[in-house]
Amino acid sequence: MKTGKLYVLSGPSGVGKGTLREHALKDAPNLRYSISCTTRKPREGETDGVEYRFISREKFTEDIAQGLFLEYAHVHEDYYGTLKADVMNELESGHDVLLEIDVQGALQVKEKMPGAVMIFVAPPSIDVLEHRLRGRGTEAAGSLSVRLSNAMKELALKDEYDYVIVNDDLDAACDELRKIVL
Ligand code: 5GP
């Protein structure tokens, strides 16, 4: 059986990666989403095992020591990571896999799996991103400024990616991603 393809989607918090990912998963029937582990607390409406596997710092540290992660990173104020076994099982069974991860993790994947297709989602501007993050209302003021300063650092690394999608118009951005994953 043909091994699946790995797609890595990154971009600053609030840029609309989640929405683009949902559309891509609907459009590409062979595409599977890899659910990450995180030490962040669930937001209202989030369920363990759906958006993330919510685990303790102790468990996360143990999993790092056991080499279970394909990649992991300290993002904003928490740890996030992708389980190697999840991704490999899907790829080996012929499914394509989509990771939605930050740039630090994405660069680890790029090094370990050179065939991965790297996609960066950029905001039309930092002002637009700030506006979107405020509108989302999920972040406290401190966390918002951490996310904005991280956004600048992430944007500086966009040349490491194969594709850059500017999420100005959602339909157009979805269309671009659909073309890449199909
Ligand atoms: P949020 O807390 O808003 O759900 O996610 C924060 C950031 O963590 C996002 O940029 C998201 O892409 C990133 N992220 C989510 N899962 C992973 C993961 O498994 N690994 C890495 N490196 N980053 C992740």
Side-chain angles (χ1 to χ4, degrees), residues 6-25 32-57 59-61 63-64 66-91 97-113 116-123 126 129-130 132-158 160-161 163-165 167 173 177:
L6 182 59
Y7 295 93
V8 178
L9 189 69
S10 302
S13 182
V15 80
K17 280 171 300 182
T19 312
L20 287 172
R21 181 233 300 166
E22 279 165 26
H23 281 269
L25 289 166
R32 299 288 178 275
Y33 176 60
S34 161
I35 300 171
S36 298
C37 297
T38 183
T39 60
R40 158 164 95 54
K41 296 276 166 291
R43 296 187 185 123
E44 213 173 300
E46 286 182 334
T47 309
D48 186 36
V50 178
E51 288 81 9
Y52 286 103
R53 296 190 177 97
F54 295 98
I55 64 175
S56 66
R57 281 215 173 202
K59 169 85 172 106
F60 204 101
T61 312
D63 289 356
I64 295 174
Q66 287 187 22
L68 299 188
F69 290 114
L70 170 64
E71 64 72 35
Y72 70 91
H74 190 239
V75 189
H76 310 317
E77 288 137 341
D78 286 287
Y79 284 95
Y80 294 80
T82 306
L83 290 172
K84 209 185 291 179
D86 283 0
V87 174
M88 295 310 173
N89 290 342
E90 289 290 3
L91 291 176
V97 176
L98 180 68
L99 306 182
E100 189 209 308
I101 61 178
D102 89 308
V103 288
Q104 308 168 69
L107 296 182
Q108 295 169 40
V109 175
K110 186 178 172 181
E111 200 177 304
K112 289 183 189 160
M113 305 193 65
V117 178
M118 310 288 295
I119 309 159
F120 189 89
V121 186
I126 283 287
L129 186 69
E130 178 169 359
R132 284 187 194 160
L133 274 173
R134 284 187 194 285
R136 192 163 86 168
T138 49
E139 266 46 76
S143 174
L144 182 83
S145 67
V146 172
R147 278 165 193 260
L148 278 175
S149 91
N150 285 346
M152 312 281 236
K153 291 182 201 145
E154 299 214 32
L155 279 165
L157 289 168
K158 67 178 180 350
E160 297 284 339
Y161 288 73
Y163 298 93
V164 177
I165 298 177
N167 190 7
L177 183 58

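Atoms within a ligand are numbered from 1 in the order they appear, just like the ligands themselves.
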Who's closest to atom 24 (C) of ligand 1 heavy-atom-wise, of Tyr52, Tyr79, Tyr80?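 Nearest option to atom 24 (C) of ligand 1, by heavy atoms: Tyr80.
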Option nearest atom 18 (C) of ligand 1 (shortest heavy-atom distance, choices Asp78, Ile35, Thr38, Ile101):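 Looking at heavy atoms only, the winner is Ile101.
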Ligand-residue contact atoms, ligand 1 with [X], heavy atoms, under 4.0 Å:
X      : answer
Ala73  : 22 (N)
Thr82  : 19 (O)
Gly105 : 22 (N)
Arg40  : 1 (P), 2 (O), 4 (O)
Lys17  : 9 (C), 10 (O), 11 (C), 12 (O)

Once rounded to the nearest 0.5 Å, what's the spacing between atom [atom1] of [X] and atom [atom2] of [Y]?
X      : Y      : atom1 : atom2 : answer
Asp102 : Asn150 : CG    : CG    : 8.5 Å
Arg32  : Leu6   : CZ    : CG    : 14.5 Å
Thr82  : Ile35  : OG1   : CD1   : 11.5 Å
Tyr33  : Glu90  : OH    : CD    : 13.0 Å
Glu100 : Ser34  : CD    : OG    : 10.5 Å

Compute the shortest N/O to N/O distance between [X] and ligand 1 and return yes if it is under 3.5 Å, no if not.
X      : result
Asp102 : yes
His76  : no
Glu154 : no
Cys37  : no
Arg147 : yes

Electrostatic pair Arg53:Asp63 at N-O distance under 4.0 angstrom: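 No.
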With backbone taken as N, CA, C and O and side chain as the heavy atoms from C-beta onward, which portion of [X] lies under 4.0 Å from ligand 1: side chain, backbone, both, or neither?
X     : value
Glu71 : side chain
Glu51 : neither
Arg21 : neither

Glu71 side chain reached by Ile101 side chain, heavy atoms, under 4.5 Å: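 A side-chain contact exists here, since the closest heavy-atom pair is under 4.5 Å.
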Give a yes or no on whether Tyr72 atom OH has more than 12 heavy-atom contacts from other residues, nucleotides or ligands under 6.0 Å away.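 Check fails, neighbour count at 12 or below.
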Taking NZ in Lys158 as the centre, count heavy atoms belonging to other residues, nucleotides or ligands within less than 6.0 Å. Is the count above 12? no
Measure up the Phe69 and Phe60 rings against each other and bin them: parallel (under 30°), tilted (30 to 60°), perpendicular (over 60°).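 Ring orientation, 0 to 90° scale: parallel.
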Under 4.0 Å, counting heavy atoms only: does Gln108 come that close to any atom of ligand 1? no
Mark the output for Glu100 as yes if a heavy-atom distance to ligand 1 is under 4.0 Å, and as no if none is.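 It does; at least one heavy atom falls under 4.0 Å.
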Reference residue Asn167; test side-chain contact (heavy atoms from CB on, under 4.5 Å); the match among Leu129, Val121, Thr19: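 Of all the options given, the one that passes is Val121.
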